[in-house]
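To start, the structure under review is shown below, and the notes come after it.
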Amino acid sequence: MKHIISFYFALFSFASSFSQEFELNDSTSFFPPKAYERIDWFGKVEIDSMTLAYHSLYLAKFEEPILYRTETKDEIFRFTWLRSFDKPMIFKLVIKESNQATLEIKEGNQMQLATVTDLRKLRPNEIQKYNKYCKGELDYIQVENILKKVKITKPNYDFQYQSEKMKFSQISLNEFRELFKKSNFSSLRSMECNLYGSDGAHWILEHLNSSFNYEFVYRWSPENNDFKDLCLYLISFGSLSKKEIY
């Protein structure tokens, strides 16, 4: 249990370190928060705000629009690929009403960040409880509210990305649509119970059509299946480095 919670906070600190100004709320969330509901180890339903913040921060730093609140006549597919040991990437396919399509690919910095926990927001008795938790003397549920108050320091980090844009041929578009149909994308659950692991990658594919219907699927290092094949098709395009697939 302690190992799982430690990784959970490491994920949040990693995400928080991008920017001192970023704060997760209704206007900065790139995904419907309700979709990130999960049942924790104690049977309590809660929104996984740490994973949601992690995903939203990357998209914000890539200067992407919030698709689920976007009104457009275009059809848009956006695949966000966040790998543990390689550069984060985004593949965005935009299909016009004329059926002309373009694919934009963005590649950002690989993350190498160190963070520490700042206890200055805690009262003396809360610090005592926090120290007991670190020693394994208290369970997570006994210090849950304290952990939420802990501030993570934010090291200086200049996130940069490069991008390329290309025309998507009619043949490629037809092949992609066939893969999309085969994946039964609209029938897939947005989330699975296994939200992440220690080593691997976040695979997030969003779809917005011209009727403003939005859907997305998130998987952690998916197994070989039709959803993965759909994402791999987008990965196969472009000249930016991206060959480490996991």
Measure across [X] and [Y] and return the closest heavy-atom pair with its distance rounded to 0.1 Å.
X: Ser183; Y: Asp226; result: CA-CB, 3.6 Å
X: Ser186; Y: Glu215; result: OG-OE1, 2.9 Å
X: Pro88; Y: Leu82; result: CB-CD2, 3.8 Å
X: Ile47; Y: Pro33; result: CG2-O, 3.6 Å
X: Ile95; Y: Leu173; result: CD1-CD1, 3.5 Å
X: Gly200; Y: Ser221; result: CA-OG, 3.2 Å

Under 4.5 Å between any side-chain heavy atoms of [X] and [Y], yes or no?
X: Phe91; Y: Leu240; value: no
X: Lys87; Y: Asn109; value: no
X: Glu244; Y: Arg83; value: yes
X: His207; Y: Phe216; value: no
X: Thr80; Y: His202; value: no
X: Ile105; Y: Leu234; value: no
X: Lys92; Y: Ser163; value: no
X: Ile90; Y: Tyr161; value: no

#### Entry: side-chain contact (heavy atoms from CB on, under 4.5 Å) assessment of Glu63 paired with Lys61
CA-CA 5 Å; Glu63 300 179 303; Lys61 284 300 177 181; over 6 Å; no

Please check if the side chain of [X] supplies one atom and the backbone of [Y] the other of a donor-acceptor pair under 3.5 Å.
X: Glu175; Y: Ser172; result: no
X: Ser236; Y: Tyr233; result: yes
X: Arg78; Y: Leu208; result: no
X: Asn225; Y: Lys228; result: yes
X: Arg69; Y: Ser27; result: yes

How long is the span from the [atom1] atom in [X] to the [atom2] atom in [Y], to the nearest 0.5 Å?
X: Ser84; Y: Tyr246; atom1: OG; atom2: OH; answer: 5.5 Å
X: Lys73; Y: Glu97; atom1: NZ; atom2: CD; answer: 5.5 Å
X: Ser210; Y: Glu75; atom1: OG; atom2: CD; answer: 7.0 Å
X: Thr70; Y: Glu64; atom1: OG1; atom2: CD; answer: 10.0 Å
X: Ser239; Y: Glu107; atom1: OG; atom2: CD; answer: 9.0 Å
X: Lys129; Y: Leu122; atom1: NZ; atom2: CG; answer: 11.5 Å

### Message
Assess the residue pair Asp48 and Thr51 against the criterion (side chain to side chain donor-acceptor pair (under 3.5 Å)); give the C-alpha distance rounded to whole Å, side-chain angles, the decisive distance to 0.1 Å, and a yes or no.
### Response
CA-CA 6 Å; Asp48 186 356; Thr51 304; 2.7 Å; yes

Do the rings of [X] and [Y] sit parallel, tilted or perpendicular, given the 30° and 60° boundaries?
X: Tyr36; Y: Phe31; answer: tilted
X: Tyr54; Y: Tyr58; answer: perpendicular
X: Phe168; Y: Phe176; answer: perpendicular
X: Phe159; Y: Phe62; answer: perpendicular

How about [X] and [Y]: are their ring centroids closer than 6.0 Å?
X: Tyr68; Y: Phe30; result: no
X: Phe180; Y: Phe77; result: yes
X: Tyr218; Y: Trp203; result: no

### Query
Going by atom types alone, do Tyr133 and Gln142 pair a side-chain donor with an acceptor below 3.5 Å?
no

### Query
Are Phe212 and Phe185 connected in the hydrophobic side-chain network, where two residues link if heavy atoms are under 4.5 Å apart?
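Phe212 does not cluster with Phe185.
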
### Query
Around Glu137, counting heavy atoms of other residues, nucleotides and ligands shown, do more than 12 lie under 6.0 Å from its CD?
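Check passes, neighbour count above 12.
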
### Message
Within the supplied structure, the quantity of interest is the number of heavy atoms (other residues, nucleotides, ligands) at a distance under 6.0 Å from Asp26 CG; does it exceed 12?
### Response
no

### Query
Between Arg177, Glu178, Gln170, which is the residue that forms a side chain to side chain donor-acceptor pair (under 3.5 Å) with Asn174?
Gln170

### Message
Go through it in stages, so that I can follow the logic: the residues are Phe79 and Ile204, the test is side-chain contact (heavy atoms from CB on, under 4.5 Å), and I'd like the CA-CA distance, side-chain angles, deciding distance and then a yes or no.
### Response
CA-CA 6 Å; Phe79 172 52; Ile204 312 163; 5.7 Å; no

### Task
Dump the intermediate steps for side-chain contact (heavy atoms from CB on, under 4.5 Å) on Lys106 and Glu104, then the final yes or no.
CA-CA 7 Å; Lys106 295 180 179 179; Glu104 183 178 17; 3.5 Å; yes

#### Entry: Residues in salt bridge (charged side-chain N to carboxylate O under 4.0 Å, His left out) contact with Lys96, at least two apart in sequence or another chain
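So Lys96 forms a salt bridge (charged side-chain N to carboxylate O under 4.0 Å, His left out) with Asp74.
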
